[in-house]
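First comes the structure, then the notes that go with it.
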Amino acid sequence: MIDTLPYPFNEEIKGIAATSGVPLGETLLLNIFYEVFTVCTSLVAEDPHGNLIHARNMDFGLFMGWDMKNQSWVITEKLKPLVVNVDFRRRNNTVFKSTNFAGYVGMLTGIQPHVFTLTMNERFSLDGGYIGILEWILGKRDGMWMSFLTRSVLENATSYAEAKKLLSDTKLLAPAYFILGGNQSGEACIITRSRTHNLNPLELDVKQGRWYVLETNYDHWKEPLFLDNRRTPAMKCMNRTTQANISIKTVYDVLSTKPVLNKLTAYTTLMEVSKGTLESYIRDCPSPCMPW
Ligand SMILES: *[C@@H]1O[C@H](CO)[C@@H](O)[C@H](O)[C@H]1NC(C)=O
Ligand SMILES: *[C@@H]1O[C@H](CO)[C@@H](O)[C@H](O)[C@H]1NC(C)=O
Ligand SMILES: *[C@@H]1O[C@H](CO)[C@@H](O)[C@H](O)[C@H]1NC(C)=O
Ligand SMILES: *[C@@H]1O[C@H](CO)[C@@H](O)[C@H](O)[C@H]1NC(C)=O
Ligand SMILES: *[C@@H]1O[C@H](CO)[C@@H](O)[C@H](O)[C@H]1NC(C)=O
Ligand SMILES: *[C@@H]1O[C@H](CO)[C@@H](O)[C@H](O)[C@H]1NC(C)=O
């Protein structure tokens with residue numbers, strides 16, 4: 001299957017397998033798994049000076065083994081030591097930065113300093129589902145892997161507008177949410193993707209009182225699953241913080257509130273496009289804490 005993946009991802013996965021000693025099949029499988037099993041919270045908020053803050057919790061490892069003894073997800077714990085911040089350079093100049101799991105070539109969280117910020121959340125949807133991925137494996141290859149698209153955008157898009165267009169219009173193998181922030185006041189949106197379309201786009205609109213956009217794993221125009229409502233608590237925290245007090249520090253607090261922070265949370269990343277910064281923290285959620 002490795003040779004069915006597009007360049008440069010095929011070459012990079014081979015390179016990682018060869019260098020790390022992890023068998024190629026396993027390296028490949030891990031790269032595909034991240035596409036399918038991430039549940040997360042992402043937000044972009046604008047402060048009163050028009051400064052944009054983009055942040056996310058990465059929650060990963062659902063249903064892949066629960067350790068009864070210490071109340072944790074097996075895979076989540078194994079991933080924490082693999083969290084890395086990577087600085088991607090061309091001719092030794094930073095093109096973009098990401099928070100990543102070592103060995104993974106797609107992008108789930110990244111910034112092109114002074115231009116845009118981007119995160120991807122899983123969209124569990126009957127509308128397309130994972131049929132596209134199954135079809136790819138079986139030989140019908142129609143669409144792009146979601147996290148390869150985010151990687152291409154971080155590497156090659158030159159503006160918020162271009163990033164938005166690519167993320168909205170490129171045909172995908174499966175549904176996804178893209179959370180995109182630009183470098184100007186008012187530039188942030190949630191792109192809810194079916195395999196072919198950007199459904200019901202949601203934009204920042206400070207004049208109308210929408211000074212932040214926030215996405216978990218449910219369509220913003222629908223109620224979240226009652227068993228997994230991280231959206232309402234996160235929004236309640238944002239509303240209580242108020243725009244006047246929003247900062248990297250207060251956003252970190254919002255993302256540290258249970259159940260926005262939960263047993264699946266591997267890391268929190270905070271990005272500020274105007275400063276070009278990306279910082280990340282490996283997280284623990286002491287019991288009592290929701291499993292997701
Ligand atoms: C839980 O136990 C596993 C295996 O013993 C260990 O790898 C992991 O770090 C522990 N997690 C916590 C939160 O203590
Ligand atoms: C690349 O940049 C880094 C940090 O800015 C510097 O330490 C390093 O020497 C540079 N390498 C080359 C080959 O210029
Ligand atoms: C970005 O563009 C360059 C030049 O066209 C191309 O070689 C590279 O593969 C692209 N990167 C990705 C991740 O698609
Ligand atoms: C925003 O990004 C554009 C490129 O898309 C760049 O020309 C402009 O200088 C950036 N603005 C700021 C304030 O960094
Ligand atoms: C937060 O504030 C927005 C805008 O005023 C409102 O639409 C939303 O219902 C509030 N959400 C919560 C959970 O308080
Ligand atoms: C905003 O921050 C100031 C100073 O840190 C604090 O005194 C004030 O209570 C905060 N306001 C809200 C609404 O949290």
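Just follow the structure's listing: the first ligand is 1, and inside any ligand the first atom is 1. All heavy atoms count here, side chains included; hydrogens, waters and symmetry mates do not.
Near S152, with a cut-off below 4.0 Å to any heavy atom, the atoms of ligand 3 are 12 (C), 13 (C), 14 (O). Close contacts between ligand 4 and S159 involve ligand atoms 5 (O) [criterion: under 4.0 Å to a heavy atom]. Counting the atoms of ligand 4 from 1 in the order shown, those under 4.0 Å from a heavy atom of Q184 are 1 (C), 11 (N). Set against the non-hydrogen atoms of T232, the atoms of ligand 5 under 4.0 Å away are 13 (C).
Formation of a donor-acceptor pair under 3.5 Å by the R151 side chain with backbone atoms of G106 is not found in this model. In this structure a side-chain-to-backbone donor-acceptor pair under 3.5 Å is missing from T117 to V273. Checking side-chain atoms of D47 against main-chain N and O of H49 turns up a donor-acceptor pair under 3.5 Å. R283 contributes no side-chain N or O that, together with a main-chain N or O of A266, makes up a donor-acceptor pair within less than 3.5 Å. For the pair E162 (side chain) and T158 (backbone), a donor-acceptor distance under 3.5 Å is present.
Closer than 4.0 Å to atom 12 (C) of ligand 5 lies at least one heavy atom of the protein. Inside a 4.0 Å radius of atom 9 (O) of ligand 4 there is not any protein heavy atom.
Ion pairing of D205 with K207 is absent here, as no side-chain N (NZ or NE/NH1/NH2) approaches a carboxylate O to less than 4.0 Å.
With respect to atom 7 (O) of ligand 3, the closest heavy atom belonging to the protein is Y7 CE2, 4.8 Å. Regarding atom 5 (O) of ligand 3, its nearest protein heavy-atom neighbour is N156 ND2, 4.8 Å. Atom 2 (O) of ligand 5 has N239 ND2, 2.3 Å as its closest protein atom, hydrogens excluded (heavy atom only). Atom 14 (O) of ligand 4 has H114 O, 3.3 Å as its closest protein atom, hydrogens excluded (heavy atom only).
In the candidate list N183, V115, T158, N183 is nearest to atom 6 (C) of ligand 4, counting heavy atoms.
At least one N/O-N/O distance between E155 and ligand 3 falls below 3.5 Å. Among the atoms of R151, none of the N or O lies under 3.5 angstrom from an N or O of ligand 3.
Counting only heavy atoms from C-beta outward, the side chains of M58 and T99 never approach each other to under 4.5 Å.
The distance between the ring centers of Y160 and F116 does not fall below 6.0 angstrom.
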Between H220 and T192, is a side chain to side chain donor-acceptor pair (under 3.5 Å) present by the stated rule, with each step listed?
CA-CA 9 Å; H220 64 81; T192 302; 4.6 Å; no
